[in-house]
Amino acid sequence: MKISILDDYFDTLRTLPCFRKLDGHEVEIWNDHVDDGDVLAHRLRETEALVLFRERSKISAVLLERLPKLKLISQRSVYPHIDIDACTRLGIVVSSDMHSGTPSYAAAELTWGLILAAMRQIPQQVAALKSGIWQTGVGRSLRGLTLGIYGYGRIGETVAGYGRAFGMNVLVWASEASRGRARACGETPASSKEAFFEKCDVVSLQMRLVDATRGIVTTADLARMKATALLVNTSRAGLIEPSALVRALQQGRPGMAAVDVFEQEPVYDTNHPLLTMNNVVATPHIGYVTREEYEIQFSDIFDQITAFSAGTPINVVNPAVLKAPR
């Protein structure tokens, strides 16, 4: 098959062991990020199988209609960036392994790294030292503080475990079903959403962005946080009301934020509000960006291509397409 891979920024995939799974196929890899539909349509005009890096590129109906040879989109995890209905209408199979058995440990590790970096002011202290200043402030220890996990899925459960290892008290808020699962795992659910935001010293957002969770963290929620508290978001920026986090930080509640995600990505504007605040630690959506995580994810993605080529597609999220006349 003619396979195209978008957004492999550092040309990493061809260096991974799992890339050998594509032996025998014609593979083209693009290392830049392009939003222009005309450019993408030209690049992908001969493509039969399209490989995506999570949600880096939006695959719209307008684009899909210009790709007559496309038969398969192979990726991993959620797919709000793909017009699934258009894929089904056009006879394009979308395969996406939802990896229900394991969390992204890479994302959980980055979450914890951001918590430590923000609470101990590590980026600020490093920058000061490099500019000739010896110490710029006093950070906070985590032991004895309350870690709030908003959304108790696989990653949330892992981050909660890290919190306990650091001697933190863990408090959970999530859907009723997830609170029940957290309780069964020995965690303590908050009595209410309001109490959750009021009591936590660190709040980490650990849920998927779907229609039901878009804007689930409101301006009022943020205003309830302590002036000394930290809000961490390594999930999706859309979980927070648009522009609410910037306003809340300007007003002093919460006192700090650590983010790996932005409302519009990628971010190139160095004057972006979250990049100009000294009480914000920000990284460029690298939660899952490790060689080990790539090997796990793309091994699944390439297996989906192999299965499709063999006539037995797997992890199909639009099964109706398999019943349509081809």
Side-chain angles (χ1 to χ4, degrees), residues 7 52-59 73-85 87 94-112 114-115 147-162 170 172-182 185 187 189-190 193 196-197 203-218 221-222 231-242 244-245 257-265 283-290 293-294 296-298 300-301 304 315-318:
D7 300 305
L52 300 178
F53 265 78
R54 300 295 287 265
E55 295 143 70
R56 289 180 178 176
S57 286
K58 182 176 177 61
I59 308 300
I73 297 176
S74 187
Q75 65 142 53
R76 200 170 188 259
S77 196
V78 294
Y79 37 86
H81 52 300
I82 303 174
D83 191 324
I84 300 297
D85 290 339
C87 287
V94 180
S95 288
S96 189
D97 186 347
M98 300 306 291
H99 56 99
S100 58
T102 58
S104 170
Y105 290 108
E109 289 170 1
L110 181 75
T111 299
W112 202 254
L114 288 176
I115 291 172
L147 169 64
I149 306 294
Y150 195 167
Y152 195 76
R154 299 183 298 268
I155 297 177
E157 182 179 358
T158 302
V159 174
Y162 296 164
V170 177
V172 172
W173 188 252
S175 66
E176 185 176 349
S178 292
R179 294 200 305 273
R181 194 172 77 83
C185 291
E187 306 292 2
K193 184 183 182 186
F196 174 81
F197 280 97
V203 170
S204 184
L205 307 184
Q206 307 291 176
M207 68 189 89
R208 289 176 173 170
L209 179 61
V210 295
D211 288 342
T213 61
R214 187 174 296 278
I216 198 169
V217 178
T218 67
D221 294 329
L222 297 174
L231 187 286
V232 185
N233 189 2
T234 58
S235 296
R236 293 293 181 271
L239 296 171
I240 305 174
E241 283 184 359
L245 180 57
V259 299
D260 185 48
V261 289
F262 298 83
E263 292 178 3
Q264 299 293 328
E265 296 182 4
T283 49
H285 205 153
I286 57 171
Y288 68 102
V289 181
T290 69
E293 185 70 16
Y294 278 4
I296 292 169
Q297 292 195 17
F298 284 93
D300 291 343
I301 290 170
Q304 291 169 171
N315 304 321
V316 178
V317 303
N318 58 337

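Quick caveat, the model's predicted, so the values are computed rather than measured.
Note: Tyr150 OH to Asp221 CG = 6.5 Å, rounded to the nearest 0.5 Å. With values rounded to the nearest 0.5 angstrom, Lys58 atom NZ is found 7.5 Å from Asp83 atom CG. Ser104 contributes atom OG, which lies 9.5 Å from atom CZ of Arg154 (distance to the nearest 0.5 angstrom).
Considering Gln75, Arg56, Glu55 in turn, Gln75 is the only one that fulfils the side-chain hydrogen bond (donor to acceptor under 3.5 Å, both in side chains) rule with His81. Screening Val259, Val232, Leu239, Thr234 for a side chain to side chain contact (heavy atoms under 4.5 Å, CB included) involving Leu205 leaves a single residue, Leu239.
Between the side chain of Asp300 and the main chain of Asp97, no donor-acceptor pair closer than 3.5 Å is present. Looking at Gln297, its side chain never comes within 3.5 Å of a backbone N or O of Tyr294 through a donor-acceptor pair. Between the side chain of Arg181 and the backbone N or O of Tyr152 there is at least one donor-acceptor pair closer than 3.5 Å. In terms of modelled atom types and a separation under 3.5 Å, the side chain of Thr213 and the main chain of Ile216 share no donor-acceptor contact. Between the Ser178 side chain and the Ala174 main chain, no donor and acceptor come within less than 3.5 Å of each other.
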Q | Verdict with reasoning, Ile286 to Leu110, per side chain to side chain contact (heavy atoms under 4.5 Å, CB included) | A | CA-CA 8 Å; Ile286 57 171; Leu110 181 75; 3.9 Å; yes

Q. Going through the checks in order, is the side chain to side chain contact (heavy atoms under 4.5 Å, CB included) test met by Tyr79 and Met98?
A. CA-CA 10 Å; Tyr79 37 86; Met98 300 306 291; 4.2 Å; yes

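Looking at every heavy atom in both residues, Ile301 comes nearest to Leu52 through CD1-O, 4.1 Å. The two atoms that bring Ser235 and Val261 nearest to each other are O-CG1, 3.4 Å, heavy atoms only. Taking every heavy atom of both residues into account, Val94 and Cys87 meet most closely at CG2-SG, 3.6 Å. Residues Ala160 and Val170 approach most closely at O-CG2, 3.7 Å, considering heavy atoms. Looking at every heavy atom in both residues, Ala258 comes nearest to Leu114 through CB-CB, 3.8 Å. For Leu147 against Trp112, the heavy-atom pair with the smallest separation is CD2-CZ3, 3.8 Å.
Residues Tyr162 and Tyr105 keep their aromatic ring centres 6.0 Å or farther apart.
A cation-pi contact links Arg54 to Tyr288, judged by a cut-off of 6.0 Å to the six-membered ring centre and 45° from its axis.
A side-chain donor from one of Asp260 and Thr283 sits under 3.5 Å from a side-chain acceptor of the other. In this structure, a donor-acceptor pair under 3.5 Å is absent between the side chains of Ser95 and Gln304.
The side-chain heavy atoms of Asn233 and Val217, taken from C-beta on, include no pair separated by under 4.5 Å.
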